[in-house]
Chemist: 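Got a structure here, written out as structure tokens. Questions coming.
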Amino acid sequence: MLEKFLPRIDFDSYEDFKKNYKVNVPENFNFAFDVVDEWAKQDENKEALVWVNDDGDEKRFTFKDLSLMSNRAANFLKAQGIKKGDAVMLVLRQRPEVWVCFLALHKIGAICIPATFQLMEKDIVYRVNAASVKMIITVDDDELLGHILDSRAKCPTLENVAIVGENVPEGCLDFRKMQPDHNEEFPRPTGEDAPDIHDIMLMYFSSGTTGMPKMIAHDFTYPLGHITTAKYWGQVEDGGLHMTIADSGWAKFGWSKIYGQWICGAVIVAYDTNGKFDGKHLLETMEHLKLTTFCAPPTVYRFLIKEDLASYDLSTLHHCSIAGEPLNPEVYNRFLEATGHAVHEGFGQTETSVLMANFGFDPIKPGSTGKPSPLYDIDIVDDEGNSCEDGVVGSIVVKNLSTNRPVGLLKEYYKDPEANAAAFYNDMYDTGDTAWRDSDGYIWFEGRKDDVIKCSGYRIGPFEVESALLTHPAVLECAVTAAPDPLRGQVVKATVVLVKSGQFQPTDELRKELQNHVKKVTAPYKYPRILEFVGELPKTLSGKIKRKEIRQIDQG
């Protein structure tokens with residue numbers, strides 16, 4: 001399969017890789033037809049997906065299975081009025097149907113919008129209305145369903161809600177019951193119905209670091225950008241089992257649980273858990289399935305090194321990688337000592353495929369994100385756009401877009417000219433992240449310019465948490481920042497000034513009340529695990545809150 005897209009697959013060194021790696025983009029490329037259906041034609045028994053859950057249940061699917069299931073799903077969606085260009089939101093955790101729906105929407109040419117199951121009613125309303133979502137397909141979770149059903153009256157474009165599961169409320173569609181009734185043949189659209197490679201295929205909502213979440217739009221070439229993610233960073237193998245710890249609502253799913261992995265012929269593991277993370281259960285699953293490759297955020301590795309790793313047979317594991325936040329060198333070293341596996345760090349964004357990584361050509365420097373991907377002309381620049389010298393922190397940018405716009409880079413921020421103007425200028429894409437480069441060409445990540453918080457692999461924007469806190473009558477003003485945490489990397493910290501009326505006192509009871517308030521107003525994982533009461537916030541002369549000063553105090 002790779003030969004269809006890469007003129008050359010093997011490289012002798014990083015320098016050879018960086019200079020000579022190229023991707024061929026077929027005319028009107030469509031991942032569902034040209035990769036999944038093609039694998040099904042080549043070998044109808046070729047395995048594609050292994051699904052497991054907390055209870056030990058296991059299901060296996062071939063590319064042929066997924067080809068037919070996605071055809072039926074595409075016909076089901078068309079019967080509900082979904083057509084090219086329509087937006088459909090998927091809130092499906094890691095049910096097998098999430099892969100089926102991705103493929104079905106790609107075949108139709110509709111816009112797939114993955115979303116996390118942790119959204120609250122206001123989050124759903126905002127996303128549905130911003131993207132003109134026509135249908136939501138979701139799991140039968142009582143709390144989640146309640147939020148979705150409560151939002152319907154406020155979402156004029158939302159025509160249908162389809163449920164995957166046993167609990168199907170009145171007025172909703174039963175996806176599992178209705179989908180098999182449809183034809184298992186779905187001819188590739190032609191003419192005006194055929195999606196163009198530059199049409200929007202996939203859209204994610206950002207974490208909303210400086211305002212409400214932005215809509216990050218990718219076109220139909222996006223999956224080809226993840227060949228570097230899967231083969232050269234994740235080093236997945238044809239027929240090998242690959243597991244990434246990521247919910248289907250996050251961009252990491254697109255990175256490591258569908259596109260590049262299936263182009264390479266790997267078997268994806270759907271680790272569908274509903275409870276809290278259990279390192280012992282994860283290790284038992286890895287041992288049972290005989291994984292070949294594995295990827296997880298650093299938080300997962302922090303949990304794993306607390307287990308008795310030596311008691312598990314991980315001999316089939318060939319490669320491990322991490323992304324989501326910088327990896328603590330101590331965790332890297334302890335995992336290496338216990339398993340013999342070096343963990344290959346990578347860095348990128350919802351807007352991109354892997355931008356830089358430890359690709360395996362050169363030794364790993366623990367704490368470094370490695371070297372730039374060959375797809376991107378990456379530089380570290382100062383505020384004037386000049387290249388920084390080695391050792392100097394600057395902005396990570398992708399240059400020369402007019403002559404080399406890479407597959408994998410976002411098409412645009414949807415319906416957001418201000419965001420596009422801020423990110424795309426001087427023939428560059430500004431990532432908004434900062435880093436420095438050492439004399440060997442390794443990149444060392446510093447942080448987000450707009451103060452994004454990375455907690456247990458989640459990206460959390462201070463604005464949304466501050467907005468939630470300010471809806472409580474006790475809060476006069478607040479600042480939300482990242483505080484260091486040995487287990488999660490970072491946690492959300494809120495520094496709060498109470499109203500001056502004297503009605504509220506800075507007690508442990510009020511602290512708990514404010515934390516619970518945030519959980520109810522926005523997604524629960526965003527609540528401040530640390531909440532400090534102060535008399536005033538540090539500010540500039542112009543009245544802006546000095547969050548950097550708060551972070552420096554916490555670091556000290």
Chemist: Distance-only, no hydrogens or angles: does the Tyr259 side chain make a donor-acceptor pair with backbone N or O of Ala230 under 3.5 Å?
Modeler: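 No; zero donor-acceptor contacts below 3.5 Å.
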Chemist: Hey, does Val164 have a side-chain heavy atom less than 4.5 Å from the side chain of Glu97?
Modeler: yes
Chemist: Could you check whether any side-chain heavy atom of Ile137 comes within less than 4.5 Å of a side-chain heavy atom of Val88, counting everything from C-beta outward?
Modeler: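 Yes, their side chains come closer than 4.5 Å.
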Chemist: For the atom pair CD1 (Ile227) and OG (Ser353), what is the distance rounded to the nearest 0.5 Å?
Modeler: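 Ile227 CD1 to Ser353 OG: 10.0 Å, rounded to 0.5 Å.
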Chemist: Regarding Asp379 and Lys399, does a basic nitrogen lie under 4.0 Å from an acidic carboxylate oxygen?
Modeler: yes
Chemist: Evaluate the criterion side-chain hydrogen bond (donor to acceptor under 3.5 Å, both in side chains) for residue pair Glu237 and His318; output intermediate values, then yes/no.
Modeler: CA-CA 9 Å; Glu237 301 173 15; His318 296 167; 2.6 Å; yes
Chemist: Kindly indicate whether the side chain of Leu355, heavy atoms from C-beta on, has any atom under 4.5 Å from the side chain of Thr431.
Modeler: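 Side chain of Leu355 against side chain of Thr431, heavy atoms only: contact under 4.5 Å found.
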Chemist: Is the side chain of Asp16 donor-acceptor paired with the backbone N or O of Asp12 at a distance under 3.5 Å, no angle test?
Modeler: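 Confirmed, Asp16 side chain pairs with Asp12 backbone.
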Chemist: On a heavy-atom basis, which atom in Ser368 and which in Tyr442 lie closest, and how many Å separate them?
Modeler: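 The pair with the smallest heavy-atom distance is OG-CB, 3.5 Å.
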Chemist: Rounded to the nearest 0.5 Å, how far apart are CH2 of Trp262 and CE of Met1?
Modeler: 12.0 Å
Chemist: Evaluate the criterion side chain to side chain contact (heavy atoms under 4.5 Å, CB included) for residue pair Val128 and Met89; output intermediate values, then yes/no.
Modeler: CA-CA 8 Å; Val128 170; Met89 183 182 290; 4.2 Å; yes
Chemist: Identify the two heavy atoms, one from Ile322 and one from Val343, that lie closest to each other, and give their separation to 0.1 Å.
Modeler: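 Distance-wise, the nearest heavy atoms are CG2-CG1, 2.9 Å.
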Chemist: Centres of the Phe220 and Phe29 rings: under 6.0 Å?
Modeler: no
Chemist: Mind checking whether Phe253 and Trp99 have ring centres under 6.0 Å apart?
Modeler: yes
Chemist: Are Ser256 and His242 side-chain neighbours, meaning at least one heavy-atom pair lies under 4.5 Å?
Modeler: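 Yes - at least one pair of side-chain heavy atoms lies under 4.5 Å apart.
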Chemist: Relative to Tyr413, does Lys214 satisfy both conditions: NZ or CZ under 6.0 angstrom from the six-membered ring centre, and within 45 degrees of the ring's axis?
Modeler: yes
Chemist: Between Thr352 and Gly348, is there a donor-acceptor pair closer than 3.5 Å when you use the side chain of the first and the backbone of the second?
Modeler: no
Chemist: Evaluate side-chain hydrogen bond (donor to acceptor under 3.5 Å, both in side chains) for Asn30 paired with Asp34, printing each intermediate quantity in order.
Modeler: CA-CA 6 Å; Asn30 186 301; Asp34 296 324; over 6 Å; no
Chemist: Do side-chain atoms of Asp37 reach the backbone of Ser67 as a donor and acceptor pair under 3.5 angstrom?
Modeler: no
Chemist: Between Lys371 and Asp440, is the closest basic N to carboxylate O distance under 4.0 Å?
Modeler: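 Looking at Asp440 and Lys371, the cut-off is not met.
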Chemist: Out of the candidates Arg93, Arg95, Lys257, only one should pair with Asp272 under the salt bridge (Lys or Arg N to Asp or Glu O under 4.0 Å) rule; please name it.
Modeler: Arg95
Chemist: What I'd like to find out is whether the side chain of Leu410 reaches to under 4.5 Å of the side chain of Tyr429, using heavy atoms alone.
Modeler: yes
Chemist: For the atom pair OG1 (Thr157) and CE (Met135), what is the distance rounded to the nearest 0.5 Å?
Modeler: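 That separation rounds to 12.0 Å.
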Chemist: Would Phe31 and Leu224 count as a side chain to side chain contact (heavy atoms under 4.5 Å, CB included) if you check the C-alpha gap in whole Å, the side-chain angles of each, and the deciding distance to 0.1 Å?
Modeler: CA-CA 8 Å; Phe31 174 79; Leu224 296 172; over 6 Å; no
Chemist: Would you sort out whether Ile380 and Val392 count as a side chain to side chain contact (heavy atoms under 4.5 Å, CB included), showing the intermediate values?
Modeler: CA-CA 9 Å; Ile380 310 295; Val392 177; over 6 Å; no
Chemist: Step by step, work out the side chain to side chain contact (heavy atoms under 4.5 Å, CB included) result for Cys112 and Leu90.
Modeler: CA-CA 7 Å; Cys112 177; Leu90 306 180; 3.6 Å; yes
Chemist: Answer yes or no: is there a side-chain heavy-atom contact under 4.5 Å between Val36 and Ser70?
Modeler: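 Counting from C-beta outward, Val36 and Ser70 never come under 4.5 Å.
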Chemist: Tyr126 side chain to Pro213 main-chain N or O, any donor-acceptor pair under 3.5 Å?
Modeler: yes
Chemist: So how far is it from Asp247 CG to Thr116 OG1, rounded to the nearest 0.5 Å?
Modeler: 5.0 Å
Chemist: So, Arg72 side chain and Ala74 main chain: donor-acceptor pair closer than 3.5 Å or not?
Modeler: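 Absent.
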Chemist: Show the numbers, then the answer: is there a side-chain hydrogen bond (donor to acceptor under 3.5 Å, both in side chains) between Ser439 and Asp390?
Modeler: CA-CA 6 Å; Ser439 58; Asp390 292 347; 5.5 Å; no
Chemist: Between Leu375 and Val407, which heavy-atom pair has the shortest distance, and what is it?
Modeler: CD1-O, 3.7 Å
Chemist: Could you tell me whether Lys78 and Asp193 have a side-chain N and a carboxylate O separated by less than 4.0 Å?
Modeler: no
Chemist: Taking His319 for its side chain and Trp233 for its backbone only, find out whether a donor-acceptor pair lies under 3.5 Å.
Modeler: yes
Chemist: If we check ring-ring contact (aromatic ring centres under 6.0 Å, His included) with Phe359, which of these qualifies: Tyr232, Tyr21, Phe17?
Modeler: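 That would be Phe17; it is the only one of Tyr232, Tyr21, Phe17 passing the ring-ring contact (aromatic ring centres under 6.0 Å, His included) with Phe359.
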Chemist: Is the shortest side-chain heavy-atom distance between Val35 and Phe5 below 4.5 Å?
Modeler: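 Yes, side chains in contact.
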Chemist: How long is the gap from CD on Glu351 to OG on Ser206, to the nearest 0.5 Å?
Modeler: 7.0 Å
Chemist: Roughly how far apart are Thr285 OG1 and Met243 CE, rounded to 0.5 Å?
Modeler: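 So the OG1 of Thr285 and the CE of Met243 are separated by 6.0 Å.
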Chemist: Does Leu68 offer a backbone N or O that forms a donor-acceptor pair with the side chain of Asn71 under 3.5 Å?
Modeler: no
Chemist: For Phe186, does the six-membered ring have the charged nitrogen or CZ of Lys107 within the cation-pi criterion, i.e. under 6.0 angstrom from the centroid and within 45° of the normal?
Modeler: no
Chemist: Can we call the ring centroids of Phe76 and Phe175 under 6.0 Å apart?
Modeler: yes
Chemist: Any idea which heavy atoms bring Lys134 and Ile82 closest together, and the distance?
Modeler: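 In this case the closest contact between Lys134 and Ile82 is CD-CD1, 3.9 Å.
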Chemist: I'd like to know whether CD of Glu15 has more than 12 heavy-atom contacts from other residues, nucleotides or ligands below 6.0 angstrom.
Modeler: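 It does: Glu15 CD has more than 12 such atoms within range.
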Chemist: Which atom pair, heavy atoms only, marks the closest approach of Cys264 to Leu2?
Modeler: SG-CD2, 4.1 Å
Chemist: Would you check if the side chain of Asp438 reaches a backbone N or O of Gly441 as a donor-acceptor pair within less than 3.5 Å?
Modeler: yes
Chemist: Looking at Gly234 and Thr293, what are the two nearest heavy atoms and their distance?
Modeler: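 Closest pair (atom of Gly234, atom of Thr293, distance): O-CG2, 3.7 Å.
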Chemist: Between Phe424 and Leu409, is there a side-chain heavy-atom distance shorter than 4.5 Å?
Modeler: yes
Chemist: Do other residues, nucleotides or ligands put more than 12 heavy atoms under 6.0 Å from Lys19 NZ?
Modeler: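 Atom NZ in Lys19 is not packed in, count stays at 12 or less.
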Chemist: Does Asn386, at its CG atom, have more than 12 non-hydrogen atoms belonging to other residues, nucleotides or ligands within less than 6.0 Å?
Modeler: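 Atom CG in Asn386 is packed in, count exceeds 12.
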Chemist: Is it the case that the side chain of His226 and the backbone of Ile258 share a donor-acceptor pair, with hydrogens and angles ignored and the cut-off at 3.5 Å?
Modeler: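 No, the answer is negative, given that no donor and acceptor are paired below the 3.5 Å cut-off.
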Chemist: Side chains of Gln349 and Asp433: do they bring a donor and an acceptor to under 3.5 Å?
Modeler: yes
Chemist: Between Asn400 and Asp377, is the side-chain hydrogen bond (donor to acceptor under 3.5 Å, both in side chains) condition met? List the steps.
Modeler: CA-CA 7 Å; Asn400 300 317; Asp377 187 357; 2.5 Å; yes
